[in-house]
Amino acid sequence: MIPLKSILFATTKAVAENFPQDVYIEDDNTQGFDKSCFFVQILPISSSAITRISNLRTISVSIKYLQQAGESITNIYDASDRLERIFGRTLFVDDTYLTVDDIESNIYSDEVGRILDFMIHLDFDDIKYSQYTGPLDNPDSEPTEYELMKELHLQLNELRNITIEADDPTLPIVDKAIVDISKLLEN
């Protein structure tokens, strides 16, 4: 399972390596808008089961760029373009590449200044458990042993019949195959 904290740290690291501004993960602006900075936040949206051991997780990552007062709007455009180049396709987290499904860039202005809100949307399969230990079909049933298959007959279509026989039924690999292609040769 990929922890949200790992996604947060990977995103923060990528921003810090590509921008000279400070990057914060707290909600409060501790530096008081003296200079431009970034805030990174994870917004877990949903997690739904797709198998017994994995979930489909939908997560959004918000990267806010708070522009220093008096800077040109073109700095926000440049920051948006650079973030798109960094996060346009994948996000590298804990030796795993997560595919970025969608990105969006919004610019807001208020009495304090301009803010770029860059959103990264991720959908990925995440292993919830390393091994499933729960019941499969019936939790009260004993393990069942089945007889190994000795012969397999397949009829794929009218033109060919395939028969596969094993010399030794205890072998896990089929030792020989007999294929009847006489109907194919008649045409």
Side-chain angles (χ1 to χ4, degrees), residues 1-137 139 172-173:
M1 181 171 171
I2 300 174
L4 292 176
K5 188 165 61 170
S6 294
I7 296 171
L8 177 68
F9 289 156
T11 306
T12 304
K13 179 181 177 187
V15 172
E17 288 175 348
N18 288 280
F19 290 94
Q21 291 86 356
D22 293 332
V23 181
Y24 298 95
I25 57 174
E26 300 297 325
D27 287 338
D28 298 328
N29 185 350
T30 58
Q31 49 89 34
F33 289 108
D34 292 352
K35 55 185 178 175
S36 300
C37 65
F38 287 91
F39 288 94
V40 179
Q41 182 180 8
I42 300 291
L43 307 169
I45 305 296
S46 67
S47 179
S48 57
I50 52 175
T51 67
R52 293 177 190 233
I53 63 168
S54 66
N55 288 345
L56 176 64
R57 292 179 74 189
T58 302
I59 294 173
S60 292
V61 181
S62 171
I63 303 172
K64 288 185 173 52
Y65 173 66
L66 285 71
Q67 183 181 28
Q68 180 180 357
E71 285 186 2
S72 172
I73 186 85
T74 58
N75 290 347
I76 286 193
Y77 299 145
D78 291 341
S80 178
D81 289 341
R82 193 181 308 173
L83 287 169
E84 187 171 346
R85 278 194 306 274
I86 297 167
F87 299 108
R89 297 285 180 251
T90 59
L91 174 63
F92 186 69
V93 180
D94 293 342
D95 299 329
T96 302
Y97 284 96
L98 301 179
T99 302
V100 174
D101 288 332
D102 188 30
I103 56 173
E104 59 183 272
S105 182
N106 299 303
I107 299 172
Y108 304 102
S109 294
D110 60 13
E111 62 278 351
V112 178
R114 292 186 193 101
I115 298 172
L116 167 66
D117 188 9
F118 189 85
M119 298 288 291
I120 304 167
H121 302 286
L122 306 166
D123 286 335
F124 58 94
D125 295 340
D126 197 14
I127 302 298
K128 181 82 173 155
Y129 308 102
S130 61
Q131 181 178 357
Y132 181 72
T133 57
L136 291 176
D137 294 321
I173 300 172

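By convention here, the first residue in the shown sequence is residue 1.
Within the model, atoms CG of N55 and OG of S47 stand 3.5 Å from one another, a figure rounded to the nearest 0.5 Å. Taking CD1 of I120 as the reference point, atom OG of S105 lies at 11.0 Å (rounded to 0.5 Å). The OG1 atom of T58 sits 8.0 Å away from atom CG of D101, with the distance rounded to the nearest 0.5 Å. Here CZ of R114 is found 8.5 Å from CD1 of I107. Values are rounded to the nearest 0.5 Å. Note: S46 OG to D123 CG = 7.5 Å, rounded to the nearest 0.5 Å. To the nearest 0.5 Å, atom NZ of residue K64 and atom CG of residue N106 are 9.5 Å apart.
Between the side chain of D126 and the main chain of R57, no donor-acceptor pair closer than 3.5 Å is present. A donor-acceptor pair is defined here as one N or O able to donate and one able to accept, closer than 3.5 Å; such a pair exists between the side chain of Q67 and the backbone of S72.
Across all non-hydrogen atoms, the minimal contact from S62 to L43 is CB-CD1, 4.3 Å. The two residues D94 and P3 come nearest to each other via the heavy atoms OD2-CD, 4.2 Å.
Pairs passing the ring-ring contact (aromatic ring centres under 6.0 Å, His included) check and including a residue from residues 103-122, sequence neighbours excluded, do not occur.
Inter-residue side-chain proximity for Y65 and I76 is flagged as met; some heavy-atom pair is nearer than 4.5 Å. In this structure, F124 and T96 have side chains that are not in contact, with every pair of non-hydrogen atoms separated by 4.5 Å or more. L122 has its side chain within reach of V100: a pair of non-hydrogen atoms, C-beta onward, lies under 4.5 Å apart. The side-chain heavy atoms of I59 and L98, taken from C-beta on, include no pair separated by under 4.5 Å.
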For this session: Go through the steps to decide whether S36 and E71 satisfy the test side-chain hydrogen bond (donor to acceptor under 3.5 Å, both in side chains), and finish with yes or no.
Result: CA-CA 9 Å; S36 300; E71 285 186 2; 3.0 Å; yes
For this session: Kindly determine whether K35 and D22 satisfy side chain to side chain contact (heavy atoms under 4.5 Å, CB included), including the steps that lead there.
Result: CA-CA 9 Å; K35 55 185 178 175; D22 293 332; 3.1 Å; yes
Sequence neighbours left out, cut at 3.5 Å: what donor-acceptor pairs do the side chains of residues 8-19 make with other protein atoms?
unit_1: T11; atom_1: OG1; unit_2: I7; atom_2: O; d: 2.8
unit_1: T12; atom_1: OG1; unit_2: L8; atom_2: O; d: 2.8
unit_1: N18; atom_1: ND2; unit_2: A14; atom_2: O; d: 2.7

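Residues satisfying the ring pair (Phe, Tyr, Trp, His ring centres under 6.0 Å) criterion with F92, sequence neighbours excluded, are Y97.
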